[in-house]
A.B. asks: 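The structure under discussion is supplied below as structure tokens; questions concerning it will follow.
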Amino acid sequence: MKYLEIKNINKDLINYDNFLSNDDCDFKTSLSICIIIKNEEKFIEKCIKSIINIADEIIIVDTGSTDKTLSILNSLKKMYGNKINVYHYAWDENFSKARNYAMKFATSEWILFIDADEEWNRHFEKEELYGFLSTIALNEITKKIAFALKIKDYGTDIMHMGIPRLFRNDKIKYFFGNVHEELRLKEESLTIIQLNFEIIHYGYAANIMKSKNKIKRNLSLLEKVREIEPDNLRWIYFFIRDGKDVIDYETVTNLVNKYIKKDIGSERFEDNVVDNKYTYAILKEFCNYSMKNGNIKVAKELVDMLSIMNKDDMDVFYYKTLLEIDQIRSMNNMLLKRVITYRKNNFENTNSYISSSGYHIDFLLAILLFNIGKYNDAKKYFRFLENKIKDDTINELVKIYNGMLESLGEKQK
């Protein structure tokens, strides 16, 4: 089965042989797709047309649209009939309550939530989805799990994983949280399994975020849920993540020190962080904040620790290498100052077997200027140095650098 990523399943909880054993399944199951909307005239038609053929019913909860959204829905209802059902909910700044309200009207065996600014990737046919759901429908373990779909941000290579969207309609699951709402299971923990089915997400493109003022809205709603669950690191993580362009570094530092460090008085993070599933993600965001704010000392400590916690994280590898590049750049600047000072103080010095005129020191200056990106200055030095030094290796390197600078000059024209 290509839609299941076994590596993300809790092996102690699920017996794969029993879970996926029904090869003779007749694919009889049903699916309710729920959508929470408000002023989604730009996306709602595309969203519904992408799911109309895989849903037995589409449950839409409108939280106060004032644009053409409801008019578009009326036209779609005329086209598709009773498969589309629209309900109204007075917006109370709580997405989870709106989701729970939508679930009350679901009559199918399975529930799938999709946002109005998303669409189902139609590369995946109904037969694939229903075949999978039918295969596992009678397994009792599905009461304790929810399935995450791949969510791809349109126009980027960003893929979000681990967000539960698909689950059995068993009346024991519910959403909690004003925003970035969490699917929960009454009195038990919920296991999330990643599937390969894909949703395409349009709403977090920069221009759409700005037009809807989603950042400001999200931060305000996260403040509300933090008042209810002040020690839940889930809400701290999303507050830091969503606010990366508006929250100041001091605020983030205080949050990390308060909620992540065991000993707030210690400056170090190593062996001083709480054991929580959101600790890694929060430290990773804080590392990004630290780098952007020039706190290289903290960023380096975090990168070293994160590399140990997850050596395969590409973002951490990127941060680590970026810090090393910055260190090399700083070293180049320091060396440049040192060479310039030496050249000034030893201009009349002829004590050399390489170049009595000190051209090999000028060669060092040219390389360092090139390394720090001062290409025009480097070009003047390298051109001056052509055939000035009786050293084949240096002369060959001068030619190579001149060639690179000429090529760079051509590209900039």
Side-chain angles (χ1 to χ4, degrees), residues 31-106 108 111-122 124 149-156 158 160 163-166 175 177-181 183 197-222 224 238 242:
L31 176 66
S32 299
I33 298 183
C34 300
I35 315 172
I36 311 301
I37 64 168
K38 182 180 179 180
N39 294 336
E40 294 289 355
E41 63 180 8
K42 185 174 182 179
F43 298 111
I44 190 62
E45 184 171 356
K46 180 186 289 188
C47 173
I48 288 178
K49 286 184 176 179
S50 76
I51 60 175
I52 195 70
N53 290 326
I54 65 171
D56 289 285
E57 61 179 1
I58 298 174
I59 297 165
I60 299 171
V61 171
D62 180 74
T63 61
S65 292
T66 56
D67 63 358
K68 298 178 181 178
T69 299
L70 294 177
S71 175
I72 293 170
L73 288 175
N74 286 333
S75 298
L76 290 171
K77 279 180 63 68
K78 291 177 182 178
M79 189 182 305
Y80 298 115
N82 293 331
K83 182 179 275 194
I84 299 175
N85 302 283
V86 181
Y87 303 92
H88 299 276
Y89 180 82
W91 176 242
D92 56 358
E93 297 190 314
N94 193 311
F95 280 101
S96 62
K97 289 183 179 180
R99 287 183 184 267
N100 292 334
Y101 181 74
M103 287 166 62
K104 291 180 180 180
F105 300 102
S108 299
I111 293 175
L112 168 65
F113 269 92
I114 189 169
D115 293 344
D117 56 3
E118 296 174 339
E119 65 174 319
W120 178 264
N121 187 336
R122 279 172 269 197
F124 298 98
L149 309 183
K150 292 182 175 180
I151 303 174
K152 180 176 175 56
D153 285 345
Y154 178 77
T156 75
I158 297 174
H160 302 278
I163 304 171
R165 293 295 192 91
L166 177 65
F175 285 95
N178 296 62
V179 69
H180 295 305
E181 50 277 23
L183 183 64
F197 295 112
E198 185 178 292
I199 287 173
I200 302 169
H201 183 212
Y202 295 90
Y204 275 83
N207 60 327
I208 297 170
M209 284 286 284
K210 185 176 180 181
S211 67
K212 289 191 171 184
N213 209 2
K214 280 189 175 182
I215 295 174
K216 184 178 179 180
R217 179 205 69 186
N218 284 5
L219 294 180
S220 175
L221 295 179
L222 284 165
K224 292 179 182 296
F238 282 114
D242 287 6

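Note: hydrogens, waters and symmetry copies are ignored here, and every other heavy atom, side chains too, is used.
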A.B. asks: Please give me the minimum heavy-atom distance between I36 and A102, naming the atom from each residue.
C.D. replies: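 Smallest interatomic distance, heavy atoms only, reads CD1-CB, 4.0 Å.
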
A.B. asks: Where is the tightest heavy-atom contact between L112 and W120, given as atom of each residue plus distance?
C.D. replies: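 L112 and W120 have their closest heavy atoms at CD2-CZ3, 4.1 Å.
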
A.B. asks: What pairs meet the ring pair (Phe, Tyr, Trp, His ring centres under 6.0 Å) rule with one or both residues in residues 49-74, with sequence neighbours excluded?
C.D. replies: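 Residue pairs passing ring pair (Phe, Tyr, Trp, His ring centres under 6.0 Å), neighbours aside: none found.
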
A.B. asks: Using 0.5 Å steps for rounding, measure from the CD atom of E119 to the CD1 atom of I51.
C.D. replies: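 Nearest 0.5 Å value for the CD-CD1 distance: 10.5 Å.
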
A.B. asks: To the closest 0.5 Å, what do you measure between OG (S65) and CD1 (I72)?
C.D. replies: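 If I round to the nearest 0.5 Å, the distance is 9.5 Å.
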
A.B. asks: With heavy-atom distances below 4.5 Å as the criterion, would you say the side chains of I33 and I54 are in contact?
C.D. replies: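 When only atoms from C-beta onward are counted, I54 and I33 do touch, with a gap below 4.5 Å.
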
A.B. asks: Between atom OG of S32 and atom CZ of F105, what is the distance when rounded to the nearest 0.5 Å?
C.D. replies: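 These two atoms lie 12.0 Å from each other.
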
A.B. asks: Of T66, T63, L70, which meets side-chain contact (heavy atoms from CB on, under 4.5 Å) against N39?
C.D. replies: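 So the option named by the test is T66.
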
A.B. asks: Supply the atom-to-atom distance T156 OG1 to H201 NE2, rounded to the nearest 0.5 angstrom.
C.D. replies: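 Reported value, rounded in 0.5 Å steps: 10.5 Å.
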
A.B. asks: Might you point out which heavy atoms bring L73 and I37 nearest each other, and give the distance in Å?
C.D. replies: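 In this case the closest contact between L73 and I37 is CD1-CD1, 3.5 Å.
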
A.B. asks: Could you tell me whether the side chain of I151 reaches within less than 4.5 Å of the side chain of R165, counting heavy atoms only?
C.D. replies: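 Yes, at least one pair of side-chain atoms sits under 4.5 Å.
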
A.B. asks: Taking all non-hydrogen atoms of both residues into account, name the closest pair between I58 and I48 and its distance.
C.D. replies: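 Looking at all heavy atoms of both residues, the shortest contact is CD1-CG2, 4.1 Å.
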
A.B. asks: Given 3.5 Å as the limit, does a donor-acceptor pair link the side chain of D117 with the main chain of Y202, or not?
C.D. replies: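 Flag not set: sc D117 to bb Y202 has no pair under 3.5 Å.
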
A.B. asks: Mind checking the NZ-CD spacing from K97 to E181? Nearest 0.5 Å is all I need.
C.D. replies: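 Spacing of NZ (K97) from CD (E181) equals 13.0 Å.
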
A.B. asks: Would you say that F113 contacts M103 through its side chain, given a criterion of any heavy-atom pair below 4.5 Å between the two side chains?
C.D. replies: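 F113 reaches M103 side chain to side chain.
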
A.B. asks: Looking only at heavy atoms, what is the nearest atom pair of N94 and G177, with distance?
C.D. replies: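 In this case the closest contact between N94 and G177 is OD1-O, 3.4 Å.
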
A.B. asks: Write out all pairs satisfying salt bridge (charged side-chain N to carboxylate O under 4.0 Å, His left out) with one or both partners inside residues 47-62, taking only residues at least two apart or from two chains.
C.D. replies: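 Found E45-K49.
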
A.B. asks: Keeping T69 on the side-chain end and E41 on the backbone end, is there a donor-acceptor pair under 3.5 Å?
C.D. replies: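 Yes; at least one donor-acceptor contact below 3.5 Å.
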
A.B. asks: Mind checking whether I59 and I111 have side chains closer than 4.5 Å, heavy atoms only?
C.D. replies: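 The answer is no; the side chains never approach within 4.5 Å.
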
A.B. asks: Which heavy-atom pair separates D115 from I35 by the least distance, and what is that distance?
C.D. replies: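 For D115 versus I35, the nearest heavy atoms are C-CG2, 4.0 Å.
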
A.B. asks: For the atom pair CD1 (I199) and NE2 (H160), what is the distance rounded to the nearest 0.5 Å?
C.D. replies: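 Answer for the CD1-NE2 pair, I199 versus H160, is 11.5 Å.
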
A.B. asks: Provide the full list of side-chain hydrogen bond (donor to acceptor under 3.5 Å, both in side chains) pairs with a residue in residues 72-89, sequence neighbours left out, each pair given once.
C.D. replies: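 Residue pairs passing side-chain hydrogen bond (donor to acceptor under 3.5 Å, both in side chains), neighbours aside: Y89-D92.
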
A.B. asks: Do S50 and R122 come close enough that some side-chain heavy atom pair is under 4.5 Å?
C.D. replies: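 Answer yes - side chains close enough.
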
A.B. asks: Within a strict 4.5 Å, meaning less than it, do heavy atoms of the H180 and D242 side chains meet?
C.D. replies: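 The answer is yes, as the side chains (C-beta and beyond) meet within the 4.5 Å cut-off.
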
